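Input: a single structure, listed below in structure tokens.
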Amino acid sequence: MDTRESWYGGPDSGKHPREESAVIDLGTLDDDDSSTGGSEGFTRKSPPGSQYGDEEKSTGEFVGSSAANLVWLAGKQQAQKAFNLYGNIDILRPYFDVEPKDVIDRLIHSFIPQKVTGTPQKVFGELYGPLMVIFTLVAIILMGMKSSGHVVREGTLMGTAFGVCFGYWIFASCLIFMLAYVCNTHITLLQVLSLTGYSLSSHCIVLFVTTVLHSTESHYLFYLLWLSVGGMAVLKMVTVYVSRTSGKSQKLMLAGLVVSLHLFFMLYLHFAYHNVAEVPGVVKEPVIHHPVVPDRLERDIQLDSKLSNSANDAVQEVIRKVAPKHVEAVDEIEAVHPNVVVPDSDAVRDAAVVNDDNPVQDALKDTISNIDNAQLNAPIDKLVDQVKENDA
Amino acid sequence: MADTTTENNMTDLALEHPIEGDITVPGAPDDESDELSTLDEPVVITVKRDLKAVGIKFFHVLWPKQSKTLLREWDLWGPLILCILLGMMLQGSSADDNSDGGPQFAEVFVIVTGGAIIVTLNSQLLGGTISFFQSVCVLGYCVLPLNVALIVCRLVLLAPEQTTALFVIRFAIVFVGFVWSTFASMAFLADSQPINRKALAVYPICLFYFIIGWMILSHTHS
């Protein structure tokens, strides 16, 4: 190949560092296979290069450039070896060697704890099932955020959702594996990853049901599912770990860690992604949303905008009437309170308080605290009516 | 006499196997002359040819049958155009909502590109026989029905008052787009998977189009 490439010359022949000279060195043909062959090839090549090369170059410059070539070639070979070793996708292929009915079986059995006997329970180590469960969980979290009708910067939350799910999977698995290693449990990291991944299917189910069926006031349904579905999944994991560990205190420690991680993560997912209110760094505007069923979405958006307009008007009226001198302009009034729904930025800008330690601000806050988004009844209608009466 | 016979034989042979063509060095820059010829042609012709190829593939996606055209001559122009169109339309105007248009466009772009890459990797790991870019090409082109659904939804959103019936209509349109996209991609990718593992490869594709469909459905600002 070298013979051919350098034979017809042209612009390409200068590209390869081995073909700078017109002399074809057969010793350099095996350079790709071993690094020692490469260095030999170079040391053999340099004398002819110096005869052929530029007479104006000093010896020092030439030694420098050939050393640079040497480093380049060695680095390229190392990089190629590393890429072939780690970038090869075939490393992961054995972990995806599953059949569809296997995956379904394992999903179902992740909710069915087996009785603890003396023999260690069988755990399948594979990555397809856990990965699909995590992607489903991300999709459900995304659906939950969208169906609540909020207008938070979704890009940040999407990335956070991905990071949270994958981070939990990997971090929790590593933590459990470390403790299992300390407690002398007969389990591998792959099996731990697989178990944790399949147990996330309980999170998927619970979050999906609560997103679709959540009521605005109570979390009873969520708590019920949390204990029942989450409990079954975590019980399954605990029985597996207990069957593979010896020693009572070790079993207890491992079981405790697994239960706490699993159940707290479900709590976190439910409460963090349903009520996104003034989380610094994630949400810039004070926005709250309550989970609503999608067919009430459009009506709620209209009601919310009407509410914010009337709240805005009410606030401005109060300020005008109570203390016209204390604020520079009504336009600069700013209210920062988590219970106010402000779908458009104008309402946020227009309801702002300028001074601190101001009796006006306290009055304002009291007024706004009476505007409860969840209860569209007497107080706000009364306020709106009062404002309208004052206008009339 | 022997000479003429040999000559006749040789002429016959020459007629049967004519020696013609260029005597070139194997591996010499033949291809460079071909590339130079397409480089020399006017831009209009190149653009027209590429657009025609993209158009043919769009037609194959809208009317999916078992066809190898998408796989054989894959290109990434179509997926890029569709992705940008999707991102631009899902962006919305910045005056209406609190978040400005920037992150939404980037989000859509990342989801479509990242999702296509992940689904491709998954089908390769399951033992698929098509290459990386062919799969990305097919998945990108099959976003077209969802793009059409998005355009129709935007038209529906132009109505002054959004009622539940209109929401149901939008839901139905997006659902049809989702099913069409999934079936189109299945028609192209079906042969490349082992027979008993088709469901394993189809599920992430469903999830991918489901997420895109959900982003379209939940985009309510006009």
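Since this is a predicted model, take the numbers as computed values, not measurements. Values below: every heavy atom of this structure, side chains too, minus hydrogens, waters and symmetry copies.
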Query raised in the report: Is it true that B/R197 and A/D97 make a salt bridge, defined as a side-chain N closer than 4.0 Å to a carboxylate O?
Result: yes
Please classify the contact of [X] with chain A as side chain, backbone, both or neither, using a heavy-atom distance under 4.5 Å.
X      : answer
B/L200 : both
B/F210 : side chain
B/L217 : neither
B/I111 : side chain

Query raised in the report: Are any of the side-chain heavy atoms of B/Y203 and A/Y128 separated by less than 4.5 Å?
Result: yes
Query - Most contacts with chain B, counted as non-hydrogen pairs under 4.5 angstrom, among A/T136, A/V103, A/L131, A/L127 - result: A/T136
Requested in this report: Check A/F96 against B/L126 and note the closest heavy-atom contact, atom names and distance.
Outcome: O-CD2, 3.4 Å
Query raised in the report: Can you name the closest pair of heavy atoms from A/R93 and B/L125 and give their distance?
Result: CG-O, 3.5 Å
May I ask you to check whether over 12 heavy atoms, not counting those of [X], lie within 6.0 Å of atom [atom1]?
X      : atom1 : result
A/F166 : CZ    : yes
B/F183 : CZ    : no
B/W180 : CH2   : no

**Report entry** Sole candidate of B/N122, B/I211, B/L207 that passes side-chain contact (heavy atoms from CB on, under 4.5 Å) when paired with A/F135
**Finding:** B/L207
Query raised in the report: Side chain, backbone, both or neither: which part of A/V98 has an atom under 4.5 Å from a heavy atom of chain B?
Result: both
